[in-house]
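The structure appears right after this line, and notes come after that.
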2 protein chains.
Amino acid sequence: MNIGQAAEASGVSAKMIRYYEEIALIPPPARSQSGYRVYGEDDVHTLRFVRRARSLGFSIEETGALLALWRDRSRASADVKAMALKHVAELEEKAAALKAMAKTLRHLASHCHGDGRPDCPILDEIGSQGSAQQSA
Amino acid sequence: MNIGQAAEASGVSAKMIRYYEEIALIPPPARSQSGYRVYGEDDVHTLRFVRRARSLGFSIEETGALLALWRDRSRASADVKAMALKHVAELEEKAAALKAMAKTLRHLASHCHGDGRPDCPILDEIGSQGSAQQSA
DNA sequence: GCTACACCTTCCCATCATTGGAAGGTCAAG
DNA sequence: CTTGACCTTCCAATGATGGGAAGGTGTAGC
């Protein structure tokens with residue numbers, strides 16, 4: 001299987017497959033005589049794992065750790081669970097930060113007429129607030 | 001006021017002030033004879049506006065648009081409100097996506113013993129799921 | 001065999017926002 | 001006059017991905 005077919009089968013773009021190989025997230029595949037990368041079903045399986053982990057919001061580095069755990073049949077399930085729950089906490093923290101931003105902004109917008117008149121307190125309040133936490 | 005003091009007063013790092021100037025988000029300030037950037041209270045006010053907009057999750061580009069509206073005393077409040085509400089919707093969408101990831105992952109984790117035994121369905125399910133949407 | 005076309009290779013660049021550092025000039029205090 | 005804190009510009013890196021150029025390969029049709 002060439003990289004295009006592996007991309008199709010795994011849902012990971014050919015560009016990203018090469019990138020994952022470059023950063024050693026996945027092992028380099030076999031090569032054909034002419035230098036084409038050749039993938040097997042196992043490789044596609046791994047790529048699907050990576051895609052799934054990424055879609056769950058794991059960073060590449062975290063995905064690499066999960067991949068190592070996945071391949072290690074003797075690992076303790078506690079390791080996996082701890083990582084998952086830590087990530088859940090991070091995701092929820094980011095979600096909460098976004099919701100807080102949205103809430104603040106909606107509050108500001110609620111005090112704005114939204115008509116043709118220039119008066120709108122949103123900008124004044126953005127310009128006058130002294131502190132705000134950076135996140136997400 | 002030199003850039004260090006402006007950074008201190010506005011909460012925007014000197015590095016970022018120079019960067020905002022480079023991309024023309026903010027106008028170039030006056031310069032001293034020796035070439036030092038010199039800022040006034042108005043500049044600090046603008047920088048605070050930028051910081052606040054960024055902390056509300058507006059991109060640099062959106063912040064530039066808000067800044068233009070802020071400076072335009074004759075703008076229609078509807079423009080501002082529309083932009084704010086559009087951004088609220090985007091923030092909430094991202095928050096929802098993160099919460100969905102967290103939910104999925106917590107569900108997976110709930111089926112994992114989390115002890116010393118190797119059995120943990122989290123990884124198996126990550127590896128076997130066919131589709132997942134990318135977002136946030 | 002030749003041509004067209006789809007695919008592959010490597011390499012470089014861009015994004016977005018921010019940080020870091022190097023090399024060198026300036027200012028104020030001691 | 002030295003020291004140290006500040007300033008200047010320039011270059012590079014981050015994380016994850018996309019875009020594209022320049023050139024090689026594989027296959028189908030003629």
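Each chain gets a letter, A, B and so on, in the order its sequence line appears, and its residues count up from 1. Predicted model only: the values in this text are computed from it and were never measured.
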Exercise for the section: Select from A/S32 and A/F58 the residue whose nearest nucleotide in DNA chain D is closer to the 5' end of that strand. Expected result: A/F58
Handout entry: DNA chain D: 5'-proximal contact among A/Q33 and A/M16 (nearest heavy atom)
Key = A/M16
Handout entry: Donor-acceptor contact below 3.5 Å, side chain A/E92 vs main chain A/A89
Key = no
Completion exercise
Residue set satisfying side-chain hydrogen bond (donor to acceptor under 3.5 Å, both in side chains) with A/S32, at least two apart, ordered chain then number -> A/S34
Throw together a table of side-chain donor-acceptor distances under 3.5 angstrom for residues 13-23 of chain A, partners on residues two or more places apart or in other chains.
unit_1	atom_1	unit_2	atom_2	d
A/S13	OG	A/M16	N	3.1
A/E21	OE1	A/R37	NE	2.7

According to side chain to side chain contact (heavy atoms under 4.5 Å, CB included), who are the partners of [X], at least two apart in sequence or on a separate chain?
X	value
A/E90	A/E62, A/K86, A/H87
B/H113	A/S77, B/D115, B/R117, B/D119
A/D43	A/Y39

Practice task
Starting from C1' on C/dA17, measure out to CD1 on B/I23 and report it in whole angstrom.
Solution key: 9 Å
Fill in the blank from the handout: Contact string for nucleotides 6-14 of chain D, one letter per nucleotide 5' to 3', B = base within protein heavy-atom range under 4.0 Å, S = sugar-phosphate only, - = neither, reads BSBBB----
Handout entry: D/dG18 phosphate, OP1 or OP2, under 4.0 Å from A/Y19 side-chain N/O
Key = no
Exercise for the section: Scan B/S59 against the nucleic acid and name what it touches under 4.0 Å (heavy atoms): base, sugar-phosphate only, or nothing. Expected result: sugar-phosphate
